[in-house]
Amino acid sequence: MAQTAKPYKLVPAEVPPRRGRGAGVYAEVVADFAAAGLASVLVEMPGRKAQTLALGLRKAAEASGARVKVVSRGGRVYLQRA
């Protein structure tokens with residue numbers, strides 16, 4: 001029996017790295033704070049919920065290795081030197 005052509009093909013390719021949405025802005029905020037030399041700051045980012053902002057900043061601070069602590073109080077998000 002003859003073998004038929006398959007309706008698909010496999011193409012060798014590298015998997016591109018992940019790109020998170022908005023990750024760049026959180027990393028920029030953490031870097032700016034680390035460079036500012038301030039003890040603590042309130043972070044205001046219109047259009048973002050406090051919980052989302054805090055999570056993004058925590059991930060960015062962890063990824064950067066900066067000694068920055070993210071604190072949420074009363075629906076506001078602060079960065080503090082650790």
Side-chain angles (χ1 to χ4, degrees):
M1 179 169 241
Q3 204 172 16
T4 60
K6 295 184 181 183
Y8 63 88
K9 64 180 178 177
L10 302 176
V11 180
E14 293 291 322
V15 176
R18 283 187 160 197
R19 293 185 342 177
R21 290 184 350 182
V25 71
Y26 297 125
E28 187 178 346
V29 170
V30 170
D32 286 349
F33 173 67
L38 300 169
S40 63
V41 295
L42 168 65
V43 180
E44 293 180 339
M45 199 175 290
R48 303 248 165 96
K49 294 180 182 178
Q51 186 177 3
T52 303
L53 179 59
L55 179 62
L57 290 171
R58 280 190 187 100
K59 286 184 174 188
E62 183 180 314
S64 73
R67 295 182 49 110
V68 174
K69 182 178 178 183
V70 180
V71 180
S72 296
R73 297 282 190 277
R76 294 182 176 222
V77 179
Y78 301 86
L79 292 179
Q80 181 179 38
R81 296 224 178 261

For Val43 and Arg48, run side-chain contact (heavy atoms from CB on, under 4.5 Å): C-alpha distance rounded to whole Å, both residues' side-chain angles, the deciding distance at 0.1 Å, then the answer. CA-CA 11 Å; Val43 180; Arg48 303 248 165 96; over 6 Å; no

Could you tell me the separation between the CG atom of Leu53 and the CZ atom of Arg58, rounded to the nearest 0.5 Å? 9.5 Å

Pair up each side-chain donor or acceptor in residues 66-82 with any protein partner under 3.5 Å, not counting sequence neighbours, and list the distances.
{"unit_1": "Arg67", "atom_1": "NH2", "unit_2": "Ala82", "atom_2": "O", "d": "3.2"}
{"unit_1": "Arg81", "atom_1": "NE", "unit_2": "Leu38", "atom_2": "O", "d": "2.9"}
{"unit_1": "Arg81", "atom_1": "NH2", "unit_2": "Phe33", "atom_2": "O", "d": "3.0"}
{"unit_1": "Arg81", "atom_1": "NH2", "unit_2": "Ala34", "atom_2": "O", "d": "3.1"}

Give the cluster check for Leu55 versus Met45: same hydrophobic cluster or not, with ILVMFWY residues linked at side-chain heavy-atom distances below 4.5 Å. no

